[in-house]
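Note that the structure is a prediction, hence the values are computed from the model and not measured.
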Amino acid sequence: MVALPQLLHYHHHLFSHQFTKTHLQRHNLTKQGSTFLTRMSISSDPRPLDSKCSLAFVAPLEAILFDIDGTLCDSDPLHYYAFREMLQEVGFNGGVPITEEFFIENISGMHNEELCGVLFPDWDLQRARKFFEDKEDMFRRLASEQLEPMKGLHKLREWIENQGLKRAAVTNAPRSNGELLVSALDLLSFFEVLVIANECDRAKPFPDPYLKALQALNVSNKHAFVFEDSVSGVKAGVAAGMPVVGLGTRNPESLLLDAGASFVIKDFGDPKLWEALEELEKKAVNQ
């Protein structure tokens with residue numbers, strides 16, 4: 001087992017592979033391991049843009065909606081570590097540790113209820129749910145010690161507050177995780193709304209969580225956009241009728257664009273994002 005202090009070093013090399021496979025095909029669980037049928041997300045069409053990295057068509061902007069895991073913070077290395085250790089303990093894949101590729105393409109961004117059937121089709125539901133409860137406990141222990149905000153988040157927060165925009169956090173994670181991460185990032189007073197997917201009729205990749213956030217903020221989807229880092233999250237935001245800016249921290253840019261992201265940034269300090277926000281400001285002033 002890797003010692004906890006070493007986990008931060010994962011940030012520099014985890015998920016470094018670029019994958020070009022389609023969403024529905026067979027992949028290796030390990031470099032020499034057995035195969036596993038990856039999930040298929042609901043399809044969605046990207047929203048048309050005025051230009052490649054433009055958000056001007058949502059002007060006047062009234063709200064920004066954020067995913068949490070992998071968007072506000074780079075938490076996927078912690079999730080990967082927890083899944084890898086616990087799946088190995090229960091003998092998943094013959095006790096061979098899962099690869100980063102398997103995690104990205106089969107686990108990252110998915111709701112735990114969905115993962116019960118994906119990872120443990122032969123287990124009874126109660127046993128599978130207990131596994132995920134224990135995994136989330138492990139993740140929260142790691143996150144409480146090692147969580148760091150996404151680069152540029154503080155600058156973006158200041159810009160949003162100066163613009164007087166409404167904001168919501170929307171996550172597929174359990175409420176205990178969402179509240180812990182928002183609190184650890186000192187964003188409790190920043191977000192007006194926290195939407196938990198398992199408290200909606202359907203989780204991401206369906207639009208329900210984002211539609212619930214829009215309703216709570218009393219904002220039209222024509223005047224809001226989303227930050228997301230996963231394929232399922234991008235599809236959810238697009239299905240809710242909003243443009244989505246993808247965070248390419250872990251998932252390949254091509255996958256996020258194929259899911260419907262308007263454009264992809266490396267973090268909140270990316271010049272592409274600030275050019276788009278400046279364009280938004282100018283258009284709003286001229287309207």
Between [X] and [Y], is there a donor-acceptor pair closer than 3.5 Å when you use the side chain of the first and the backbone of the second?
X      : Y      : value
Lys204 : Val170 : yes
Ser232 : Gly109 : yes
Tyr81  : Leu142 : no
His223 : Leu61  : no
Asp74  : Gly70  : no

Is [X] salt-bridged to [Y], cutoff N-O under 4.0 Å?
X      : Y      : result
Lys130 : Asp134 : yes
Glu228 : Lys235 : no
Lys166 : Glu62  : no
Arg250 : Asp76  : no
Glu145 : Arg141 : no
Asp137 : Arg140 : yes
Arg157 : Glu161 : yes

Distance (rounded to the nearest 0.5 Å) between [X] [atom1] and [Y] [atom2]:
X      : Y      : atom1 : atom2 : result
Lys151 : Asp270 : NZ    : CG    : 9.5 Å
Leu156 : Phe190 : CG    : CZ    : 6.5 Å
Asp229 : Ile68  : CG    : CD1   : 11.5 Å
Asp201 : Lys212 : CG    : NZ    : 9.0 Å
Leu273 : Trp159 : CG    : CH2   : 8.0 Å
Asp267 : Thr71  : CG    : OG1   : 12.0 Å

Over all atoms of both residues, closest heavy-atom pair of [X] and [Y]:
X      : Y      : answer
Leu147 : Cys73  : CD1-SG, 3.6 Å
Val118 : Asn106 : CG1-O, 4.3 Å
Val58  : Ala224 : CG1-O, 3.8 Å
Ile196 : Pro174 : CG2-C, 4.3 Å
Ala168 : Leu217 : CB-CD1, 3.8 Å
Gly237 : Val226 : CA-CG2, 4.4 Å

[X] vs [Y] side-chain heavy atoms within contact, under 4.5 Å:
X      : Y      : answer
Met242 : Lys222 : no
Pro243 : Leu55  : yes
Phe263 : Ser54  : no
Pro205 : Val231 : no
Arg84  : Phe103 : no
Tyr80  : Ile98  : yes
Thr249 : Met150 : yes
Phe92  : Leu119 : yes

### Task
For a side chain to side chain contact (heavy atoms under 4.5 Å, CB included) with Phe227, tell me which candidate from Asp67, Ile64, Leu72 qualifies.
Ile64
### Query
Which of these, Ile265, Val264, Leu256, sits in a side chain to side chain contact (heavy atoms under 4.5 Å, CB included) with Leu247?
Ile265
Any chain of hydrophobic side-chain contacts (each under 4.5 Å) joining [X] to [Y]?
X      : Y      : answer
Ile160 : Leu188 : yes
Phe120 : Leu125 : no
Trp123 : Ile107 : yes
Leu153 : Leu78  : yes
Met86  : Met110 : yes

#### Entry: Asp124, CG atom: more than 12 neighbouring heavy atoms under 6.0 Å
yes
#### Entry: Asn112 and Glu136 side chains, donor-acceptor separation under 3.5 Å
yes
### Task
For the residue pair Ser75 and Asp69, confirm or rule out a side-chain donor-acceptor distance under 3.5 Å.
yes
### Query
So is Lys155 actually on top of Trp274's ring, under 6.0 Å and inside 45° of the axis?
yes
### Message
Distance to the ring centre below 6.0 angstrom and angle to the axis at most 45 degrees; does that hold for Lys135 and Phe139?
### Response
yes
### Query
Can you say whether the rings of Phe83 and Phe131 are parallel (under 30°), tilted (30 to 60°) or perpendicular (over 60°)?
tilted
